[in-house]
Amino acid sequence: MRSIFPSAAVTSRKYALVSSLRAQGFGVGSFATTQPGPNDLFLVADGEGITAPARTVVIGCEGREVTPSRAGAPARISFAAEDTAVGNGFARALIGGPEMPTAADPESLALLALAERVATADITVLINGPTGTGKEVLARAIHNGSARKDKPFIAINCAALPESMLEALLFGHQKGAFTGASSGGDGFFRAANGGTILLDEIAEMPLQLQAKLLRVLQEREVVPLGASVPQPIDVRVIACANRDLHAEVAAGRFRADLYYRLAVFPLATKSLAERPQDIPALAATLILRHAGSRNVIPWPSHAAIELLMLHDWPGNVRELENVIQRALLFCGGDTIEANHIVFDRPVTMTFQRTVAVAPLAPVTAPSEPETPPGTLGNIVQMSEFAAIRETLRACNGSRIETAKRLGISERTLRYRLAKAREQGDDIGNAQNWNNANWAASA
């Protein structure tokens, strides 16, 4: 991974950013002790001199702005302290590229640190976790951090390949080995020789083929279909599963010996809802990835980020990517507002109790900054107000306890109460949440 060389001003003013980049695996160099390499990047404060524009990120402390490097010009980003969560995410994507793993949650940072250590050891890895949580991204990071990084990385989805052809596709075949085999084929394992092969959804592999894969892992050789002589291979295997392989073994659907051969070093990714601090950073990364050639990269407002963090994300990062692409389509200016956030299913918020929203008609792009009555954003807001009202009542009006139960900051609660007052619903007033109309509003 490339190193960064922050100026003294950047280290002083944006120490949290530099620490975050270090935690995500970037080397942090010092001009006093290290000579920058040809791929290393320089972080300079706004107004400082620039010696290598194409490899420089200019960092400011005012406003909200992000501009990728174009035509040899330096990349630029500026954000104040209250925008640190999103700003650090944008900065990481500018410096490392939008395809690098993104992490801000402590558990995610720990997982990346562990993956970095695993990358240096040429061992088989099993990554388990729900669909859409970044297992392939993690596998690529392991490959790119290893001595095999200049060799092929081949990702195979075992569930997407025809079962009748899976053996030939994985291990290769000779000419005439089966009907239609007019020529031989190397197969994915030999194509990945010297590099890494990712076997995604390994739990979907048929039992008969599991036995052959076990032999490949043990002997480090494949026997192409129709051949009698094994071919040696030098491949690192990373397997991914979105099902509990222990349960699959117990049910007889997965071989125990293969499981233990794959799980030399098991890693686990968590659902997005379990790592909420990743959401602002991921949103920034995805905005930068999908903003295309826009002259102005839109910045998500505080309300938009809070709405994203309140969602339960059953589709994990894939669902977040859909929502961000949709928001970019709806956003015509420099800010993604809360009413640009449109989820693709009925929204469920989890507070002291669950507040479910009824299915809605198809949503169209908003034309006004304010959310008009009846749109998805308005209904989400009404659900939030109802949940806050109920929790205030349960806490006898204590805002500190209410914020704790809702899992939000007191500042966020004050913002929500002020927003409700603007719309004529003074839910922070004790007479309001404790009167006879409470039952109907809850």
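Scope of the values below: all heavy atoms of this structure, side chains included, with no hydrogens, waters or symmetry mates.
Rounding to the nearest 0.5 Å places OG1 of Thr102 at 10.0 Å from CG of Leu288. Atom CG of Leu112 sits about 14.5 Å away from atom CZ of Arg117, to the nearest 0.5 Å. Taken to the nearest 0.5 Å, the CG atom of Leu245 stands 5.5 Å off from the CG atom of Leu126. One finds the NE2 atom of His340 at 9.0 Å from the OG1 atom of Thr335 (value rounded to the nearest 0.5 Å). Interatomic distance, Asp257 CG to Arg215 CZ, rounded to the nearest 0.5 Å: 13.0 Å. Taken from CZ in Arg22 to CG in Leu17, the straight-line distance is 11.0 Å, to the nearest 0.5 Å.
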Output, in order, the C-alpha distance, side-chain angles, deciding distance and verdict of side chain to side chain contact (heavy atoms under 4.5 Å, CB included) for Ile142 and Phe265. CA-CA 12 Å; Ile142 292 172; Phe265 203 100; over 6 Å; no
Side chain to side chain contact (heavy atoms under 4.5 Å, CB included) for Leu328 and Ile336? Distances and angles first, verdict last. CA-CA 7 Å; Leu328 287 169; Ile336 294 176; 4.2 Å; yes
Criterion side chain to side chain contact (heavy atoms under 4.5 Å, CB included) on Leu170 and Leu213, from CA distance to verdict: CA-CA 9 Å; Leu170 287 176; Leu213 175 60; 6.0 Å; no
Trace of the side chain to side chain contact (heavy atoms under 4.5 Å, CB included) decision for Phe171 with Leu209: CA-CA 10 Å; Phe171 308 135; Leu209 199 55; 3.7 Å; yes
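In plain terms, the two heavy atoms of Ser301 and Glu337 that are nearest each other are OG-OE1, 3.5 Å. Nearest heavy atom pair, residue Ile297 against residue Ala291, reads CD1-CB, 3.5 Å. For Ala241 against Ile202, the heavy-atom pair with the smallest separation is CB-CG2, 4.0 Å. Here the shortest heavy-atom pairing between Pro266 and Ala263 reads CD-O, 3.7 Å. Closest of all the heavy-atom pairs between Phe90 and Pro300 is CE1-CD, 4.1 Å. Considering all non-hydrogen atoms of both residues, Ala239 and Leu262 come closest at CB-CD2, 4.0 Å.
A 4.5 Å side-chain heavy-atom check between Val223 and Glu221 finds every atom pair outside the cut-off. The closest side-chain heavy-atom distance from Val86 to Phe79 is not below 4.5 Å. Using a 4.5 Å cut-off on side-chain heavy atoms (C-beta onward), Ser146 and Arg236 make contact. The shortest distance between side-chain heavy atoms of Leu217 and Leu258 falls below 4.5 Å. Within the 4.5 Å cutoff, the side chain of Phe330 has no heavy atoms near those of the Asn339 side chain. Residues Val323 and Phe343 are in side-chain contact: their nearest non-hydrogen atoms beyond the backbone lie under 4.5 Å apart. Residues Met100 and Gln24 fail the side-chain proximity criterion, which asks for heavy atoms closer than 4.5 Å. Proximity of Phe153 to Leu198: side-chain heavy atoms (C-beta onward) are separated by under 4.5 Å at one or more points.
In this view, Arg140 and Glu136 satisfy the side chain to side chain donor-acceptor pair (under 3.5 Å) rule, not counting sequence neighbours. The ring-ring contact (aromatic ring centres under 6.0 Å, His included) search around Phe254 returns none, not counting sequence neighbours. Remark: Ile233 engages Phe189, Arg190, Asn193, Val216, Val222, Val235 in a side chain to side chain contact (heavy atoms under 4.5 Å, CB included) (not counting sequence neighbours). Under the side chain to side chain contact (heavy atoms under 4.5 Å, CB included) criterion, Pro152 pairs with Ile154, sequence neighbours left out. For the side chain to side chain donor-acceptor pair (under 3.5 Å) test, no residue two or more places apart in sequence or in another chain qualifies with Arg64. Taking the side chain to side chain contact (heavy atoms under 4.5 Å, CB included) definition, one finds that Ala141 meets it with Pro101, sequence neighbours left out. Checked against side chain to side chain donor-acceptor pair (under 3.5 Å), Gln218 has no partners two or more places apart in sequence or in another chain. Annotation: side chain to side chain contact (heavy atoms under 4.5 Å, CB included) contacts of Leu111 (sequence neighbours excluded): Leu138, Leu267, Thr269.
With hydrogens and angles disregarded, no donor-acceptor distance shorter than 3.5 Å links the side chain of Thr11 to the backbone of Tyr15. Formation of a donor-acceptor pair under 3.5 Å by the Trp313 side chain with backbone atoms of Leu308 is found in this model. Using a distance-only test at 3.5 Å, with no hydrogens or angles considered, no donor-acceptor pair links the side chain of Asp186 to the main chain of Ala191. Remark: side-chain polar atoms of Lys270 are not paired, donor with acceptor, to backbone N or O of Arg275 under 3.5 angstrom. Checked by atom type and distance alone, the side chain of Ser78 pairs as donor or acceptor with a backbone atom of Glu62 at under 3.5 Å. In this structure, the side chain of Arg255 does not engage the main chain of Gln210 through any donor-acceptor pair within 3.5 Å.
In this model, no donor atom of one side chain and acceptor atom of the other lie less than 3.5 Å apart for Arg92 and Ser20. Side-chain polar atoms of Asn242 and Thr131 form a donor-acceptor pair below 3.5 angstrom. A donor-acceptor contact under 3.5 angstrom links the side chains of Asp278 and Ser108, judged on distance only. Side-chain N/O atoms of His311 and Glu319 include a donor and acceptor closer than 3.5 Å.
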Under 3.5 Å, which donor-acceptor pairs do the side chains of residues 54-61 form with other protein atoms, sequence neighbours left out?
| residue | atom | partner | partner atom | Å |
| --- | --- | --- | --- | --- |
| Arg55 | NE | Pro38 | O | 3.4 |
| Arg55 | NH1 | Gly37 | O | 3.1 |
| Arg55 | NH1 | Asp40 | O | 2.7 |
| Thr56 | OG1 | Ala52 | O | 2.6 |

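Residue pairs meeting the side-chain hydrogen bond (donor to acceptor under 3.5 Å, both in side chains) criterion with at least one partner in residues 120-129, sequence neighbours excluded, are Asp122-Arg148. Residue pairs that meet the side-chain hydrogen bond (donor to acceptor under 3.5 Å, both in side chains) test with at least one member in residues 196-206, sequence neighbours left out, are His143-Thr196, Asn157-Glu201, Glu204-Arg243. Identified under the ring-ring contact (aromatic ring centres under 6.0 Å, His included) test for residues 233-252, with sequence neighbours left out: His246-Tyr259.
Applying the 6.0 Å contact sphere to CG of Asp244 captures more than 12 heavy atoms from other residues, nucleotides or ligands.
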